[in-house]
Amino acid sequence: MTDIQSYWRNYIDGEWADGGAGRIDVINPGTGTKLAEHALADEADVNRAVQAAKRVHQSGALSDMRPIERGRLVQAMGRYLLDNIAEIAQVLTLEQGKPLWEAEIEVKGAAAYFEYYGNQASTVEGRSIPLGSGYFDFTDNVPFGVSAQIIPWNYPVEMTARSLSAALATGNTIVIKTPELTPLTNAWFAHAAEAVGLPKGAVNILCGWGHQAGAALSGHPDVNQIVFTGSVATGVAIATAAAQNVVPCVLELGGKSAAIVHDDADLEAFENDIRWGIYFNAGQVCSAMSRVIVHESRHDELVERAVNIARSLSVGPGIERAEAGATMGSMVSESQRDRAAGMVGDAETAGAIVAAGGRKMNIPGAFLEPTVLANVTPDMTIAQEEVFGPVLSVLKFRDDAEALEIANGTQYGLVGGVFTRDLDRATRAARQVRAGQVFVNEWFAGGIETPFGGIGKSGYGREKGREALWNYVQTKNVAIKLG
């Protein structure tokens, strides 16, 4: 294992800088010990980063570039990540807690975003509008300018790549606020920007408290667009601040996603969906399969299978789990772990049955046992609120209408799933599930090519796929009177 540097700095206007708000300790959740320190940005640091990004945008250094050339720079950033995957994945595991093999998957996913959107850069085309022989009219898609991107702690590499790549491909400049819990790996995006030759100030990366740096960034008058992934409460605060400057946002907020499992579903195959849907990244996934709504005739069998999956997982420090397999790392922090464990305890008090797990593990670090809750009812808090941990809640239904009522019975609408051999039933349900994305017979089906985003309090705007590109441009119309 490579030694980790003890102090990490912000990246503003092409230079590494200390922070006006001091430093923050970064904790290794796999051991509970201090990993490193990171500079904390204050309002002045945020302003300096925004002004640098604004200067580069106004210079036209990116927006005036031929799109195919800009796309090549974006693609090259992805290749830089792959060239350094071993070091990035190691730091990611140590700061976030996931198994090393999961961290490698995340870095590869991040690189894929740069490849995908780099390829798309020259395809963001306008159109001509016929107005008769006296006019020539066309549209042009122009970048917003300065894109502020506030990144979550659960996938700090992949989520940064998702928005950064699309913003660069469309000619925007960027200020990134990294998560306080997992800020270290974002440094490689600065290294990548330098390596491929982006102008100084095009990409700025800083860590800071949400109430200080995050608030300053989301309310800054020279920010032109905001991307945020995180909690509903923080999303509302960001959108409110942005509204004061009439700035558009892309918000991916909470989820309480449900899989409807019908009586004809292949439960043996569904075991893999349980494994990936709720225990990957210790359940710290916005689109995690946190609820399974199963036909009452298959309930006991499904619970038994879920329990077997939960108990089969080897749980411990992610850095010790390099090979892909039935392993799970820590949660991101002890406070997040304690919150999830508390919700399990409250559910048990309310009448849920802890069929597997449910307890904090008696080892150093932020570990929670992989958990399965049976006898969950729709009115319980555990069935309504996001746990963001390795906790699966199993509910029963009698008929299709009740299944849909339960699935749609929360304030969220991020993703959903339908598991059945009946294609007509699956199609009907997919149309009626209140979610921005619906999986049929495979949780997490799709990829970076497929649009992703929420309904209701899960947010608005779309990321991934070509749809994401339209978040970063606005349409200008040019109407020419011909002589």
Side-chain angles (χ1 to χ4, degrees), residues 71 74-82 85 88-89 92 98-99 101-124 149 151-152 154-170 189 227 229 250-253 255 257-259 269-270 272-281 283-290 324 413-419 423 426-427 430 433 435-455 458-472:
V74 174
Q75 288 180 303
M77 290 183 70
R79 290 193 294 271
Y80 182 91
L81 297 182
L82 293 178
I85 187 171
I88 301 170
L92 176 58
K98 64 188 66 182
W101 66 271
E102 289 190 18
E104 291 171 352
I105 289 176
E106 179 172 343
V107 177
K108 290 176 183 176
Y113 279 109
F114 285 97
E115 180 181 10
Y116 179 74
Y117 286 117
N119 278 327
Q120 299 281 338
S122 58
T123 70
V124 183
Q149 303 179 359
I151 307 301
N154 58 330
Y155 284 97
V157 178
E158 192 164 349
M159 296 300 95
T160 301
R162 186 171 73 180
S163 51
L164 175 59
S165 59
L168 285 173
T170 46
F189 294 106
V227 181
T229 299
V250 179
L251 302 178
E252 185 209 317
L253 307 179
S257 302
F270 188 69
N272 193 56
D273 297 287
I274 295 172
R275 164 72 185 97
W276 289 93
I278 193 60
Y279 299 127
F280 190 73
N281 201 31
Q284 299 165 122
V285 184
C286 296
S287 52
M289 189 177 71
S290 60
L414 192 54
V415 305
V418 183
F419 293 80
L423 184 58
T427 303
V433 169
Q437 186 175 32
V438 179
F439 307 127
V440 176
N441 291 333
E442 181 185 75
W443 201 263
F444 294 138
I448 63 173
E449 305 90 345
T450 52
F452 173 72
I455 293 172
S458 287
Y460 52 77
R462 291 296 179 263
E463 300 191 84
K464 300 168 51 174
R466 277 187 60 76
E467 281 81 355
L469 293 169
W470 311 121
N471 296 321
Y472 299 92

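Everything numeric in this text was worked out from a predicted model, so none of it was measured.
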[X] to [Y] - nearest heavy-atom pair and separation:
| X | Y | answer |
| --- | --- | --- |
| Ala110 | Leu81 | CB-CD1, 3.9 Å |
| Ser458 | Leu414 | OG-N, 3.3 Å |
| Gly118 | Gln75 | CA-CG, 3.8 Å |
| Ala430 | Val438 | O-CG2, 3.8 Å |
| Ser163 | Val227 | CB-CG1, 4.0 Å |
| Ala288 | Gly283 | CB-O, 4.0 Å |

Would you say [X]'s side chain and [Y]'s backbone share a donor-acceptor pair under 3.5 angstrom?
| X | Y | answer |
| --- | --- | --- |
| Ser257 | Val415 | yes |
| Trp443 | Asn272 | no |
| Asn471 | Arg462 | yes |
| Glu102 | Asn281 | yes |
| Tyr80 | Ala111 | no |
| Glu158 | Tyr155 | no |
| Thr170 | Ala166 | yes |

| By side chain to side chain contact (heavy atoms under 4.5 Å, CB included), which residues pair with Ala76, not counting sequence neighbours? |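 Side chain to side chain contact (heavy atoms under 4.5 Å, CB included) check on Ala76 returns Arg79, Val196.
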In Å and rounded to the nearest 0.5 Å, what is the [atom1] to [atom2] distance from [X] to [Y]?
| X | Y | atom1 | atom2 | value |
| --- | --- | --- | --- | --- |
| Ile88 | Phe189 | CD1 | CZ | 7.5 Å |
| Gln437 | Phe452 | CD | CZ | 6.5 Å |
| Ile151 | Arg162 | CD1 | CZ | 8.5 Å |
| Gln149 | Thr160 | CD | OG1 | 8.0 Å |
| Glu115 | Gln120 | CD | CD | 11.0 Å |
| Tyr117 | Arg466 | OH | CZ | 9.5 Å |

| query | Heavy-atom distance under 4.5 Å between the side chains of Arg275 and Phe270, does that happen here? | reply |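 They are not in side-chain contact.
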| said: Between Ile85 and Lys108, is there a side-chain heavy-atom distance shorter than 4.5 Å? | reply: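 Counting from C-beta outward, Lys108 and Ile85 do come under 4.5 Å.
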| Would you call Glu252 and Lys464 a salt bridge, taking side-chain N to carboxylate O under 4.0 Å as the test? |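 No.
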| message | Salt bridge or not between Lys98 and Glu106? Use side-chain N to carboxylate O under 4.0 Å. | response |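 Yes.
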| query | Pick from Phe419, Phe444, Phe439: which one makes a side chain to side chain contact (heavy atoms under 4.5 Å, CB included) with Asp273? | reply |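 The option that passes is Phe419.
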| task | Determine, stepwise, if the pair Tyr113 / Leu164 fulfils side chain to side chain contact (heavy atoms under 4.5 Å, CB included). | result | CA-CA 9 Å; Tyr113 279 109; Leu164 175 59; over 6 Å; no
